[in-house]
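Would you mind keeping the following structure in view while I ask a few things?
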Amino acid sequence: QVQLVESGGGLVQVGDSLTLSCAPSERTFSSSAMGWFRQAPGKEREFVAAMNGSGGRIDYADSVKGRFIVTRDNAKNALILQMGSLKPEDTAVYYCAARRGSNGSQFNADYDYWGQGIQVTVSS
């Protein structure tokens, strides 16, 4: 069974940076769209960022635009989320997702595979 494994979460201070990584268990997703979502306590899961299969298009939620950057490590077939200028409202469980298609999407339902989630806590 294909798995997405997130790593890099933790506890940081306001204004700090943190990098998350998502590594698929196989190279199935080498040309697939992948994305990051997050879910804060008591809230619905929300879109953070998505990259299309070619890497030529990246979309960001307005709340993270200018602070977060998504890249792809082609050697590891991993999706990287660099988070900067972190705020308390960025505190959430972050999920990596992948879809069979190559077009990125901001909608949960469009993704076929999900990681287990990783906690990011920003303390003030």
Side-chain angles (χ1 to χ4, degrees):
Q1 183 178 356
V2 176
Q3 293 182 322
L4 299 174
V5 181
E6 300 104 337
S7 61
L11 172 64
V12 296
Q13 302 294 316
V14 169
D16 282 353
S17 299
L18 194 64
T19 298
L20 303 182
S21 178
C22 171
S25 59
E26 56 186 71
R27 295 197 66 84
T28 303
F29 306 114
S30 60
S31 59
S32 298
M34 296 182 70
W36 288 97
F37 291 77
R38 67 186 183 186
Q39 187 167 17
K43 296 187 177 181
E44 294 186 353
R45 189 173 300 184
E46 65 175 9
F47 169 74
V48 174
M51 175 184 285
N52 70 349
S54 69
R57 175 170 176 160
I58 303 173
D59 294 307
Y60 296 94
D62 289 343
S63 59
V64 306
K65 202 170 292 183
R67 300 188 298 121
F68 290 13
I69 298 173
V70 170
T71 58
R72 202 157 190 165
D73 182 336
N74 290 320
K76 299 179 181 179
N77 197 30
L79 189 70
I80 309 299
L81 179 66
Q82 297 173 275
M83 304 183 291
S85 301
L86 284 163
K87 306 174 181 180
E89 51 264 43
D90 294 318
T91 295
V93 176
Y94 282 71
Y95 296 89
C96 173
R99 61 180 311 199
R100 297 188 185 95
S102 60
N103 293 327
S105 173
Q106 302 182 17
F107 302 104
N108 293 347
D110 289 337
Y111 289 84
D112 304 293
Y113 304 96
W114 290 85
Q116 79 285 357
I118 192 164
Q119 180 69 45
V120 171
T121 303
V122 184
S123 174
S124 56

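The residues of the chain are indexed from 1 along the displayed sequence.
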List for me each residue that meets side-chain contact (heavy atoms from CB on, under 4.5 Å) alongside Ile118, sequence neighbours excluded, and say none if there are none.
Glu6, Leu20, Tyr94

Name all residues meeting the side-chain hydrogen bond (donor to acceptor under 3.5 Å, both in side chains) criterion together with Ser85; count only those two or more places apart in sequence or in a different chain, and write none if there are none.
none

Are the side chains of Pro24 and Asn77 in touch, meaning some heavy atoms are under 4.5 Å apart?
yes

Side chain to side chain contact (heavy atoms under 4.5 Å, CB included) with Thr91: of Thr121, Val120, Leu11, only one passes, and it is Thr121

Restricting to pairs with a member in residues 36-53, which pass salt bridge (charged side-chain N to carboxylate O under 4.0 Å, His left out), not counting sequence neighbours?
Arg38-Glu46, Arg38-Asp90

Closest approach of Ala78 and Ala23, non-hydrogen atoms and distance?
CB-CA, 4.4 Å

With sequence neighbours left out, write down each residue that passes salt bridge (Lys or Arg N to Asp or Glu O under 4.0 Å) with Asp110, or none if nothing qualifies.
none

Which residues satisfy the side-chain contact (heavy atoms from CB on, under 4.5 Å) test with Asp16, sequence neighbours excluded?
Val12, Gln13

Mind listing the closest non-hydrogen atom pair of Ser105 and Ala50 along with its distance?
O-CB, 3.6 Å

Main-chain N/O of Gln3 paired to Ser25 side chain as donor or acceptor, under 3.5 Å:
yes

Which pair of non-hydrogen atoms, one from Arg72 and one from Asn52, has the smallest distance, and what is that distance?
NH1-O, 3.6 Å

Within-4.5 Å side-chain heavy-atom neighbours: Val14 and Val122
yes

What distance separates Thr71 OG1 from Gln82 CD, expressed to the nearest 0.5 Å?
5.0 Å

For residues 33-61, which residue pairs pass the ring-ring contact (aromatic ring centres under 6.0 Å, His included) check, not counting sequence neighbours?
Phe37-Phe47, Phe37-Tyr111, Phe37-Trp114

Would you give the length of the straight line joining atom CG of Leu81 to atom SG of Cys22, rounded to the nearest 0.5 angstrom?
10.5 Å

Under a single-linkage definition using a 4.5 Å side-chain heavy-atom cutoff for Ile, Leu, Val, Met, Phe, Trp and Tyr, are Ile80 and Met83 assigned to the same hydrophobic cluster?
no

To the nearest 0.5 Å, what is the distance between CD on Glu89 and OG on Ser63?
9.0 Å

Flag side-chain contact, heavy atom, 4.5 Å: Arg100 against Ser32
no

Is there a path of hydrophobic side-chain contacts, each under 4.5 Å between heavy atoms of I, L, V, M, F, W or Y residues, that connects Leu86 with Val48?
yes

Does any non-hydrogen side-chain atom of Leu79 lie less than 4.5 Å from one of Val70?
yes

Write down the atom of Ala92, the atom of Ala40, and the distance for their closest heavy-atom approach.
CB-N, 3.8 Å

Heavy-atom closest pair, residues Met51 and Ile58
CE-CD1, 3.6 Å

I'd like to check Ser102 versus Ser31 (side-chain heavy atoms, cut-off strictly below 4.5 Å). Are they in contact?
no

Minimum side-chain heavy-atom gap Cys96-Met34 below 4.5 Å
yes

